[in-house]
> 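I'd like to ask you about the structure that follows.
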Amino acid sequence: MQNEHSNDPGDIVRFYPEVRSAHLERLSEMPPSSILFLSRRDDFDTALLPTDGRVAKKSLLGLIAHVVRKPPRVLEIPEPLWFNYSLHTWVLVKALRIMRPMRSKATCIVTYAIDNSDFSALPRRLSWLPQQVWKYAASRICLLNLKNVDRMVFGSSGAEDAYSSVIESTNAKLKFQSVEIPALPSPCSCGGKGEVVRSQQTVSFVGALEPRKGIDILLGAWAIVRDAFPLAQLQIAGGGPLEALVQKAADGDHSISYLGTLTRARVHGLYRATAIVVLPSQRNGRWREQIGLSIVEGLAHNCRILASEETGLARWLEENGHSVIEAPTSVDALASAVIENLRSSSMDLELADLPSMDGRIAADEWLTRASVCRVATEELAGTCE
């Protein structure tokens with residue numbers, strides 16, 4: 001594909017409210033661009049931070065000043081169902097739109113969507129509201145930003161279904177261009193760097209140590225797994241409110257290793273040594289596992305995946321040799337699923353081939369390619385005012 005991007009990182013600005021290591025790792029594979037963020041996630045590895053200032057923390061006023069001072073050709077905004085940052089996004093785009101008459105070129109507004117939750121589900125902190133009140137408010141909040149979008153990529157069929165539900169509930173007439181590109185990884189290039197040998201009885205959990213990720217269920221299931229497979233090992237990496245529970249379990253069971261929060265290099269090494277990656281996510285209020293970073297990274301390292309049906313990739317996993325369990329998930333059901341996967345891990349099971357280009361990178365190509373965005377802005381200019 002012919003490169004249609006300029007080398008100016010200011011031409012493409014990405015507003016990522018909460019930046020994480022995966023964003024920085026992908027940055028080198030995307031066209032030159034800048035990342036502006038409000039806060040860092042727990043898995044943020046400062047060693048990956050570029051030294052040229054392309055990735056910078058900003059306040060809301062700083063965000064506005066940055067894009068107004070030098071309007072980008074493409075502005076990537078958070079997906080409209082991310083309600084925590086809806087106001088930030090609307091104010092930022094509104095400021096940019098107000099400046100449009102003063103510029104000869106329009107900015108293409110793009111977004112990448114993976115939220116597959118039921119937008120009518122009440123957040124816990126608003127559980128006192130009637131559901132219909134929240135449903136009405138949530139759909140309008142989402143539309144505030146959805147109306148400003150020129151181009152949108154859905155990272156899963158679940159995400160496309162979620163946004164279709166919002167649009168259908170409001171009878172909104174929207175003209176953004178969209179496509180579904182599954183959030184599947186390409187094989188990780190770190191494979192040739194490892195001295196680690198994959199163990200067919202190693203199970204790993206990588207992620208936030210909190211109930212919605214299902215780590216407490218996994219710990220409860222492990223005693224049953226260990227009885228069936230005495231040599232099996234459970235490795236846990238991450239941090240969070242259940243860290244003390246995980247540490248206590250590791251202290252009392254030699255088959256459990258708690259590794260804490262790892263650098264990215266060590267995370268890659270962990271996956272290379274792992275046969276099965278487990279992510280038994282459980283719905284919590286309106287939160288639902290969108291994709292699951294450990295699922296994507298496990299796939300990239302040729303691990304077998306055991307996930308709950310909450311992930312947006314559940315359908316693909318089921319169809320391509322991996323395991324999906326129902327949610328809510330019981331300890332016994334998860335133990336049985338882990339045991340079944342351990343029995344299968346030594347077999348030469350055929351897993352689906354991964355794409356040659358990471359799904360998120362492919363999505364970005366579609367969102368930011370110059371000729372595509374030029375068409376979008378020419379066709380849609382003025383429709384979102």
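Any value given below was found using the heavy atoms of this structure, including those in side chains, with hydrogens, waters and symmetry copies removed.
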> Please tell me whether W134 and F83 form a close aromatic pair, meaning their ring centres lie under 6.0 Å apart.
yes

> Does either side chain, that of N302 or that of R198, offer a donor lying less than 3.5 Å from an acceptor on the other one?
no

> Report yes or no: do L234 and I325 belong to one cluster of Ile/Leu/Val/Met/Phe/Trp/Tyr joined by side chain heavy-atom distances under 4.5 Å?
yes

> Between F37 and F44, how do the two ring planes meet: parallel, tilted or perpendicular, split at 30° and 60°?
tilted

> Which heavy atom in P80 sits nearest to a heavy atom in S86, and how many Å separate them?
O-OG, 3.9 Å

> Check whether any side-chain heavy atom of L306 sits under 4.5 Å from a side-chain heavy atom of L334, and report yes or no.
yes

> Do NZ/NE/NH1/NH2 and the carboxylate oxygens of D364 and R14 come within less than 4.0 Å?
yes

> Considering only heavy atoms from C-beta outward, does the side chain of R360 approach that of V153 to under 4.5 Å?
no

> With a sphere of 6.0 Å drawn around CG of D42, does it hold more than 12 non-hydrogen atoms of other residues, nucleotides or ligands?
no

> Do H23 side-chain atoms and R20 backbone N/O form a donor-acceptor pair below 3.5 Å?
yes

> Any luck finding a side-chain donor-acceptor pair between D118 and S120 under 3.5 Å?
yes

> Check whether any side-chain heavy atom of I109 sits under 4.5 Å from a side-chain heavy atom of R97, and report yes or no.
yes

> For atom CZ of R266, is the number of surrounding heavy atoms from other residues, nucleotides or ligands below 6.0 Å larger than 12?
no

> What I'd like to find out is whether the side chain of F154 reaches to under 4.5 Å of the side chain of V179, using heavy atoms alone.
no

> For S117 and F119, indicate whether the former's side chain and the latter's backbone hold a donor-acceptor pair under 3.5 Å.
no

> Quick one: do I114 and M30 end up in the same hydrophobic cluster if we chain Ile, Leu, Val, Met, Phe, Trp and Tyr together by side-chain heavy atoms under 4.5 Å apart?
no

> With side-chain contact (heavy atoms from CB on, under 4.5 Å) as the test, would you mind laying out the steps for I236 and V206 before giving the verdict?
CA-CA 6 Å; I236 300 172; V206 182; over 6 Å; no

> Is there a path of hydrophobic side-chain contacts, each under 4.5 Å between heavy atoms of I/L/V/M/F/W/Y residues, joining I291 to L293?
no

> Looking at every non-hydrogen atom in both residues, tell me the closest pair between A113 and M152 and how far apart they are.
CB-CE, 3.6 Å

> Do other residues, nucleotides or ligands put more than 12 heavy atoms under 6.0 Å from W287 CH2?
yes

> Please check if the side chain of T274 supplies one atom and the backbone of L270 the other of a donor-acceptor pair under 3.5 Å.
yes

> Looking only at heavy atoms, what is the nearest atom pair of V277 and G298, with distance?
CG2-CA, 4.1 Å

> If only atom types and distance count, is the side chain of N116 paired as donor or acceptor with the main-chain N or O of E310 below 3.5 Å?
yes

> Stepwise, does the side-chain hydrogen bond (donor to acceptor under 3.5 Å, both in side chains) test hold for Q247 with Y258?
CA-CA 6 Å; Q247 186 63 68; Y258 175 47; over 6 Å; no

> Under 4.5 Å between side-chain heavy atoms, counting indirect links through other Ile/Leu/Val/Met/Phe/Trp/Tyr residues: same cluster for I276 and L219 or not?
yes

> Thinking salt bridges, do R41 and D43 make one under a 4.0 Å N-O criterion?
no

> Within the 4.5 Å heavy-atom criterion, are L63 and H88 side-chain neighbours or not?
no

> Output yes when a side-chain donor or acceptor of Q282 lies under 3.5 Å from a complementary backbone atom of T329, and no otherwise.
yes

> Do Q131 side-chain atoms and L129 backbone N/O form a donor-acceptor pair below 3.5 Å?
no

> Would the distance check show the side chain of S139 and the main-chain N or O of T170 forming a donor-acceptor pair, the cut-off being under 3.5 Å?
no

> Could you go step by step and tell me if R54 and S34 meet the side-chain hydrogen bond (donor to acceptor under 3.5 Å, both in side chains) rule?
CA-CA 5 Å; R54 287 187 297 142; S34 301; over 6 Å; no

> So, R315 and E160, do they make that salt bridge, N to O below 4.0 Å?
no

> Rounded at 0.5 Å granularity, tell me how far CZ in R288 sits from CG in D115.
9.5 Å

> Distance from D353 atom CG to N320 atom CG, nearest 0.5 Å?
9.5 Å

> For atom CD of E326, decide whether the heavy atoms of other residues, nucleotides or ligands shown that lie under 6.0 angstrom number more than 12.
no

> Would R40 and L49 count as a side-chain contact (heavy atoms from CB on, under 4.5 Å) here? Give the steps.
CA-CA 12 Å; R40 300 177 178 182; L49 195 63; 4.2 Å; yes

> Under the 6.0 Å and 45° cation-pi test, does R151 pair with F176?
no

> Determine the minimum heavy-atom distance between A300 and L354, stating which atoms define it.
CA-CD1, 4.1 Å

> If we ignore angles and hydrogens, is there a donor and acceptor under 3.5 Å between the side chains of S255 and R226?
no

> Compute whether any side-chain donor of one residue and acceptor of the other, for S323 and N341, lie under 3.5 angstrom apart.
yes

> Does R264 pair with E297 as a salt bridge, N-O distance under 4.0 Å?
yes

> Please test E18 against Y85 for side-chain hydrogen bond (donor to acceptor under 3.5 Å, both in side chains), starting from the C-alpha separation and ending with a verdict.
CA-CA 10 Å; E18 300 172 8; Y85 299 100; 2.7 Å; yes

> If hydrophobic clusters are built by linking Ile, Leu, Val, Met, Phe, Trp and Tyr wherever their side-chain heavy atoms come under 4.5 Å apart, do L174 and V166 end up in the same one?
yes

> Has E309 got a side-chain atom pairing as donor or acceptor with A327's backbone, closer than 3.5 angstrom?
yes

> Side chains of P211 and L242: closer than 4.5 Å at any heavy-atom pair?
yes

> So F205 and S294, do their side chains get closer than 4.5 Å, heavy atoms only?
no

> Using a strict 4.0 Å threshold on nitrogen-to-oxygen distance, state whether R212 and E289 make a salt bridge.
no

> So, Y163 versus E79: side-chain donor-acceptor pair below 3.5 Å or not?
yes

> For the residue pair W316 and H322, does the interplanar ring angle fall in the parallel (under 30°), tilted (30 to 60°) or perpendicular (over 60°) class?
parallel

> Please check this pair: side chain of N148 against backbone of L144, looking for a donor-acceptor N/O pair closer than 3.5 Å.
yes

> Taking S281 for its side chain and S308 for its backbone only, find out whether a donor-acceptor pair lies under 3.5 Å.
no

> Taking all non-hydrogen atoms of both residues into account, name the closest pair between I339 and A228 and its distance.
CD1-CB, 3.8 Å

> Take H268 and H301 through the side-chain contact (heavy atoms from CB on, under 4.5 Å) test and state the conclusion after the steps.
CA-CA 8 Å; H268 283 263; H301 290 83; 3.1 Å; yes

> Which heavy atom in T107 sits nearest to a heavy atom in D150, and how many Å separate them?
O-OD2, 3.7 Å

> Under a 4.5 Å cut-off applied to non-hydrogen side-chain atoms, are V74 and V13 in contact?
no

> Can you check side-chain contact (heavy atoms from CB on, under 4.5 Å) on L317 and I295, steps first, answer last?
CA-CA 10 Å; L317 291 170; I295 293 174; 4.3 Å; yes

